[in-house]
Amino acid sequence: MKGRLFALVDCNNFYVSCERVFDPALEGRPVVALSNNDGCVIARSEEAKALGIPMGAPLFRVRPLIREHGVRVYSSNYALYGDMSGRVMASLAEFAPDVEVYSIDEAFLDIAGAGRRGAARYGREIRAKIHRWTGIPVSIGIAETKTLAKLAAGIAKGSPDGVFAFPRAVALARTEVGDVWGIGRRHAAMLKASGILTALDLRSAALGWARKRMGLGGARTVLELGGTACLDLETQPAEKKTTTVSRSFAHPVEELDALRDAVSVFAARAAAKLRRGRLLAGGVTVFIHTNRFAESGPQYHDAATRPLASPTSHTGDITGAALSALERIFRPGLRYKKAGVLLFELIAEERAPLTLFGAGGDSGRGGRLMKAFDEINRKFGRGLIRYGSARPGWRMNQACRSPHYTTRWEDLPRVAADGGRARGCS
DNA sequence: TCTGGGGTCCTAGGACCC
DNA sequence: TCTGGGGTCCTAGGACCC
């Protein structure tokens, strides 16, 4: 992989930036976006970071700071973020022959065409145009390997023009080892205990030692920090192998009936996800657990798996299997905090094997039923019609969600009208 | 009765990512 | 009172085989 040049384009404070696009009054103010259930902070504006609101902080713990400084708070609005992400990624395709959409707010670009000398200038051009076209500010890191490009992007965040190219020893020495892509909490602690504190230290670590202590991935990281590219651009999105729907409950759940309701809803949602991706699942796993943060009361977590007779995306089949798995692991007298449904052995619909009953998959009566079902839910709102035991019993907390500006006509922003956005929020 | 190497497949759990 | 959700890959160990 000689002569490769990677750019990592990283949207700044992405969810907050999305909210700002549609409410410019948020500019210059501290803003945070919350996880599902309004549980914790998962995106912060620079102003919010400066106030000392940590990433992942539980909302209740930073309430005082929020009140004191008038921080604006937003529930997660994935319809909006997903749509904005699509716009950014489509814009990036203008700048490189190959783009790897790495996450909702990051992409790797092959910019070998710009050449080493022109790379930084090209980065600044990309940044300016993405901002003009989508309203989203980005940082860009450029280097010979993906790991170094990531590291460079981290430095670019603090630089005036938002672009940093070709990190050298000084830049590596400024980067804590735990901030290196691929080094998580456990490995960071282990490395620090061994006297390896920075990316520069890690770059000089012995390869065999890294392999032994951190596995294949760790050795690869050491090589990539040294400029040897081990990771290529992955432009084809990998085929999904599993899909999960899970939620924490706002209040602890003790009754089997309530868990059955939740699991039925999750199973129905997971099945709908399959159908949207034209996939079928070969099996179902259900898991439940108590509150791992609770200081009193017994802890319990378990999971059970059920095979599906033949690969399917049929809500009835999947719900039935999921409920049977739930019966198996449910223990009375416990306060459950979370449950989830995981579908695995996913295959594309058209690759479904033939069965005794004729065509594979869901092409028969059940398949048509599901299609009609999805169509009605799409038109009239998710959850209007449900399958069997899926009754609405509980809801996500989303006190402060912004409108679906980009994906629903009725939520289009009104010019010169307040619209009462983000009711009940600071 | 004891002693071996080598291979595959599966699963649970760890570690990482956003 | 209140602590996200959704993924992937790797490894170690057990079962089983020749």
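Letters A, B, ... are given to chains in the order of the sequence lines, protein chains preceding strands, and every chain is numbered from 1. All heavy atoms count here, side chains included; hydrogens, waters and symmetry mates do not.
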Phosphate OP1/OP2 of C:dT8 contacted by A:Thr242 side-chain N/O (<4.0 Å): yes
Donor-acceptor pair (no angle test) under 3.5 Å: A:Arg61 side chain, C:dT3 base: yes
Sugar-phosphate only, base, or nothing, as touched by A:Asp38 at under 4.0 Å among non-hydrogen atoms: nothing
Heavy atoms of other groups near A:Glu255 CD, more than 12 under 6.0 Å: no
Residue whose nearest DNA chain C nucleotide is more 5′ - A:Gly215 or A:Ser35: A:Ser35
A:Asp105 side-chain proximity, nearest of C:dC10, B:dC18, C:dC2: B:dC18
Interatomic distance, A:Asp10 CG vs B:dC17 P [rounded to whole Å]: 14 Å
Under 4.0 angstrom between A:Asn37 side-chain N/O and C:dT3 OP1 or OP2: no
A:Arg292 side chain near C:dG4 phosphate (N/O to OP1/OP2, under 4.0 Å): yes
Plane angle bin for A:His289 and A:Phe287 - parallel if under 30°, tilted between 30 and 60°, otherwise perpendicular: parallel
A:Arg185 vs B:dG14: side-chain N/O to OP1/OP2 distance below 4.0 Å: no
A:Trp181, nearest nucleotide to its side chain (from C:dG5, C:dG4, B:dC17): B:dC17
A:Lys338 vs C:dT3: side-chain N/O to OP1/OP2 distance below 4.0 Å: no
Rounded distance in Å - CE (A:Met214) to C1' (B:dG14): 15 Å
Atom pair distance, as rounded to whole Å: NZ in A:Lys241 and C1' in C:dG7: 11 Å
Sugar-phosphate, base or nothing in reach of A:Leu34, heavy atoms under 4.0 Å: nothing
Sugar-phosphate only, base, or nothing, as touched by A:Arg211 at under 4.0 Å among non-hydrogen atoms: sugar-phosphate
Distance, P atom - from C:dC17 to B:dG4, rounded to whole angstrom: 22 Å
Phosphate-side-chain proximity, A:Lys273 and C:dG5, N/O vs OP1/OP2 below 4.0 Å: no
Candidates C:dG4, C:dG6, C:dT3 - which lies nearest the side chain of A:Arg247: C:dG6
Over 12 foreign heavy atoms within 6.0 Å of CZ, A:Arg185: no
Value in whole Å for how far the P atom of C:dG4 lies from NE2 of A:His289: 9 Å
Gap between atoms CD and P, on A:Glu100 and B:dC18 respectively (whole Å): 12 Å
Aromatic plane relationship, A:Phe95 with A:Trp133 - under 30° parallel, 30 to 60° tilted, over 60° perpendicular: parallel
Atom-to-atom span, NZ of A:Lys212 to C1' of C:dT11 - whole angstrom: 15 Å
Over-ring placement of A:Lys146 relative to A:Phe108, 6.0 Å and 45° cut-offs: yes
Below 4.0 Å: OP1/OP2 of C:dG7 and any side-chain N or O of A:Thr243: yes
Under 3.5 Å side-chain donor-acceptor pair for A:Arg275 and A:Ser313: no
Phosphate OP1/OP2 of C:dT3: any A:Ser248 side-chain N/O under 4.0 Å: no
Nearest-nucleotide 5' precedence on DNA chain C, A:Lys240 against A:Tyr15: A:Tyr15
Sugar-phosphate only, base, or nothing, as touched by A:Ile104 at under 4.0 Å among non-hydrogen atoms: nothing
Sugar-phosphate, base or nothing in reach of A:Val41, heavy atoms under 4.0 Å: nothing
Atom pair distance, as rounded to whole Å: CG in A:Asn36 and P in C:dG5: 6 Å
Touch class at under 4.0 angstrom, heavy-atom based, for A:His251 against every strand present: nothing
Closest listed nucleotide, where the reference is the side chain of A:Pro58 and the choices are B:dC18, C:dG5, C:dT3: C:dT3
Watson-Crick or G-U wobble partner of C:dC18, both distances under 3.5 Å: B:dG5
Among C:dT8, B:dC16, B:dC17, the nucleotide that comes nearest once only the side chain of A:Arg186 is considered: B:dC16
A:Ser248/A:Asn37 under side-chain hydrogen bond (donor to acceptor under 3.5 Å, both in side chains): CA gap, chis, key distance, verdict: CA-CA 8 Å; A:Ser248 295; A:Asn37 266 324; 4.8 Å; no
Spacing between A:Phe344 atom CZ and C:dT8 atom C1', to the nearest angstrom: 16 Å
